Amino acid sequence: MKKFATLLIAGMTLFGGAALAEEGATPAKGINYSFEGPFGTFDRAQLQRGYKVYKEVCSNCHSMKLLSFRNLADKGGPSFTVEQVKALAASFTIHDGPDTKGDMFDRPGLASDVFPSPYANPEAAAAANGAVPPDLTLITKAREGWHGTFNQLWNGIGGPQYVYSLLTGYAEPSAELEKEKPEGKYYNPYFQAGSWISMPPPLADGLVTFDDGAPNNVEDMAKDVTAFLAWTAEPKMEERKQTGFEVLIYLAVLAGLLYFVKKKTWANVSH
Amino acid sequence: MSGPNKYQPTSAFGKWFHERLPIVGFAKDHMLDFPTPKNLNYWYTFGGILAVMLVVQIITGIVLVMHYTPQTDLAFNSVEHIMRDVNYGWLLRYMHMNGASMFFIAVYIHMFRGMYYGSYKAPREVLWMLGVIIYLVMMATAFMGYVLPWGQMSFWGAKVITNLFSAIPFVGDSVTTWLWGGYSVDNPTLNRFFSLHYLLPFVLAALVALHIWALHVPGNTNPTGINIKGPQDTVPFHPYYTMKDAFAIVVFFMFYALFVFYGPNYMGDAVNYVPANPLVTPAHIKPEWYYLPFYAILRSVPDKLLGVIAMFSSILILLALPWLDTSKVRSGNYRPIFKGFFVVFAIVCVALGFIGSKPPEGSYVIWGRILTAYYFIHFLVILPLLGLLETPNPLPASIADDVLAKKKPMMLAPAE
Amino acid sequence: MSTADHAHTDVNRRDFLFIATGAVAAVGGALVAWPFINQMNPDAAVLALASIDVDLAPIAEGQAVTFKWRGNPLIVRHRTKPEIEAAKAVKMEELKDNVARNANAKSGDLATDENRVVGGKAEYLVMLGVCTHLGCVPDGANPSREFAVVEGATKTGGWFCPCHGSQYDTAGRIRKGPAPENLAVPQYAYLSDTKIRVG
């Protein structure tokens with residue numbers, strides 16, 4: 001039976017190895033983030049910068065429907081203060097209503113509001129952009145930067161890296177490819193649905209100025225905003241890893257104790 | 001099986017209650033005193049692990065339902081509401097989601113253990129068949145649960161799997177329409193899947209009770225495969241196996257916790273974080289990992305109806321296993337040739353799973369067909385013939401003898 | 001398991017091991033129960049304390065408007081002069097509950113009419129329409145109903161709970177019936193002369 005287990009593992013490794021080299025599209029750039037690994041945490045300043053990039057650039061076309069302003073002050077997130085969040089929420093206009101007369105009205109945002117969407121409905125979004133810009137809240141959990149059973153086990157699915165690669169991956173198509181260029185599309189070899197993307201290159205060097213004076217090249221902004229999007233997709237990540245560490249320590253202690261209990265129990269039985 | 005009513009209540013109330021409902025005595029007979037072979041190894045702890053996992057799934061499921069909304073416009077967001085706003089919602093949801101995978105890991109080990117040690121052989125055929133039915137109900141439950149978050153893979157998985165029934169001659173289309181409650185997978189489908197996903201775990205619990213009942217009639221098998229000859233072969237279930245199972249369960253929980261806390265979405269599919277869109281099919285549709293071998297079998301047959309038949313047969317054939325294996329010897333430990341075929345079969349199952357995860361193109365198709373054929377040959381040709389042709393190794397006289405013989409020569413045996 | 005052939009110290013060590021393991025397992029069980037209990041508490045979205053702005057200008061004297069605030073009815077009444085006078089005339093010792101029950105007042109404040117409103121604006125009474133008995137909505141809309149508890153020349157006004165007959169006076173204070181407390185005044189503030197933010 002032990003031999004069987006060894007063989008099974010060997011077999012799985014073999015197939016897993018084969019799986020590494022699978023799938024089309026260019027694999028995402030393997031950049032590193034502070035939040036990777038079992039003890040990784042978000043870089044607060046980076047999340048705040050990423051928020052700024054999101055607000056000034058992405059939010060013009062992309063919604064963020066699952067995030068509320070109040071989340072920006074949550075533990076394990078960008079750690080804006082409650083006052084900052086109130087001010088920042090108030091800078092958005094929320095379409096609300098009906099009031100007592102039955103009319104809709106606009107008001108400044110409150111911390112409890114969710115981020116307003118740039119378009120009233122998907123049809124309007126598609127009409128304005130040629131395709132529906134996907135909601136960004138979960139984007140880094142919904143996209144894979146690379147494939148392979150074991151590759152993903154060790155390195156994650158590469159969601160933030162995918163978005164990063166997409167943002168920084170616009171290129172001039174070769175003359176041959178240029179001929180197949182569909183109307184209104186841009187060449188981006190990292191795009192999962194086949195190299196031609198409707199989104200024009202969203203970032204340009206120096207487009208967003210950071211309050212902390214951090215560098216604002218395309219790569220820097222892309223990294224900041226994808227870190228922010230990794231947080232919006234998994235806002236409880238820090239709590240999860242922290243809890244997990246405690247749970248594993250506890251289980252290890254209990255397993256150790258139970259091992260000796262079991263051993264003592266069986267001590268006078270030959271088996 | 002221990003004789004009934006050995007339990008003697010000590011208190012007056014205990015006596016009064018026992019005469020009216022002997023549940024304490026019943027529990028004592030079956031959960032504490034039950035004579036169990038003394039040589040069970042750790043592969044036998046997965047039954048206990050499965051019972052615990054069923055409880056974990058039911059409890060986490062019940063609390064998730066307190067926050068989930070089974071409505072196509074709201075389902076996806078309500079799951080995210082659980083992940084973001086509900087107190088410890090992320091933990092409960094990840095426990096439930098990964099718990100399903102852990103459940104299947106444990107059930108597959110449990111099944112392969114049974115196949116290796118011949119646990120399906122007389123007089124345990126009904127026990128084994130109940131197990132196969134439990135496995136089928138588990139698959140149905142997990143499938144319907146996967147639909148509930150209403151992501152892209154939820155929707156398209158539901159659509160593809162329910163479409164299997166359209167292969168039924170003459171009435172196929174009517175049956176799928178009936179399953180959907182409409183012309184496609186939609187709100188009525190989500191609602192009925194939710195209802196059944198809540199119901200089936202309790203059906204599972206009842207089936208598990210029957211499974212344990214059927215186990216306690218002949219008692220456990222053991223790695224030697226020979227019957228219990230007397231008290232020297234057994235120990236009471238408690239504390240010997242309660243403690244051993246408890247240790248195994250905690251170790252299994254560590255494995256489980258690694259996924260819940262450090263790779264919660266590894267077992268899932270990224271596409272399921274995109275809300276369901278009935279107008280766009282994702283590029284690579286594939287079911288959760290635990291269905292992949294059967295999915296590969298389905299795709300290996302080029303005909304729609306025959307593919308569906310092959311897929312269902314690959315599971316239902318397990319019901320006939322007690323009669324397909326003609327060997328008089330129960331345990332694979334004493335069957336030198338069977339051992340080899342068993343390992344090959346296990347690798348074929350894993351390989352089928354791998355094929356199932358790949359797009360049906362190129363060499364994957366050929367390999368899928370070869371492996372599918374082998375899967376059925378294993379049951380229909382190899383096992384029946386092997387029992388007749390193979391010369392088994394000599395069996396020990398009793399469990400106690402075997403234990404003593406093993407003690408002497410080596411200290412290398414697994415820590416037991 | 002017989003322990004007869006074991007040394008005494010061994011038995012002690014074994015018992016200690018069993019007790020320690022049981023204790024660790026019990027603590028773990030208790031800890032793991034907490035997420036399952038706590039998940040039923042109000043979630044972060046509920047706790048985000050939604051507030052509403054109410055424009056008082058359109059509410060005419062003698063009129064009451066009900067808003068929905070955090071799932072409960074919020075009564076805003078523009079009181080008439082006789083109603084205010086009637087409320088002011090009540091002596092504290094006549095009250096069943098002489099605590100202000102006003103989230104904006106200090107904890108020891110008495111239930112004077114001044115303490116039932118905010119900013120000395122006696123004409124606007126803002127309170128939750130939740131009877132302090134068992135939670136029904138007290139009815140203040142019937143102008144012709146006479147209240148035994150309303151002082152002064154006009155014996156109408158105040159609130160009557162249809163469920164079990166509790167009667168509140170024109171300042172929303174409990175005067176008769178099974179309810180134990182005055183109607184609660186939530187936290188609110190004047191944004192301008194005719195606009196308040198509740199919550």
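Given the structure is predicted, the values throughout are model-derived calculations rather than measurements. Each chain gets a letter, A, B and so on, in the order its sequence line appears, and its residues count up from 1.
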- Under 6.0 Å from the CZ atom of A:Phe92, do we count more than 12 heavy atoms belonging to anything else shown? yes
| message | What I'd like to find out is whether the side chain of A:Tyr250 reaches to under 4.5 Å of the side chain of C:Val24, using heavy atoms alone. | response | yes
The side chain to side chain donor-acceptor pair (under 3.5 Å) partners of A:Gln84 (sequence neighbours excluded) come to A:Thr81
*asked:* Counting only heavy atoms not in C:Lys195 (residues, nucleotides, ligands), do more than 12 fall under 6.0 Å from its NZ?
replied: no
Sequence neighbours excluded, the answer for side-chain contact (heavy atoms from CB on, under 4.5 Å) partners of A:Ala255 is B:Phe247, B:Val250, B:Val251, B:Met254
Listed by number, the residues in residues 45-64 of chain A that come under 4.5 Å of chain C (heavy atom to heavy atom) are none
Within residues 104-122 of chain A, the residues sitting under 4.5 Å from chain C by heavy atom, in sequence order, are A:Leu110, A:Ser112
Heavy-atom nearest pair, C:Thr21 first then A:Leu254, reads O-CD1, 4.1 Å
Q) Got a sec: does the NZ of A:Lys241 have more than 12 other heavy atoms crowding it under 6.0 Å? A) yes
Interatomic distance, CG@A:Leu257 vs CD1@C:Ile19, rounded to 0.5 Å, equals 12.5 Å
Taken to the nearest 0.5 Å, the spacing of A:Thr243 OG1 from C:Leu31 CG works out to 11.5 Å
How about NZ on A:Lys86, more than 12 heavy atoms from neighbouring residues, nucleotides or ligands closer than 6.0 Å, or not?
no
Separation between CG (C:Asp55) and NZ (A:Lys101), nearest 0.5 Å, reads 7.0 Å
Here the pair of heavy atoms bringing A:Arg70 nearest to C:Ala48 is CD-CB, 3.3 Å
When you look at CZ of C:Phe67, are more than 12 heavy atoms from neighbouring residues, nucleotides or ligands closer to it than 6.0 Å? yes
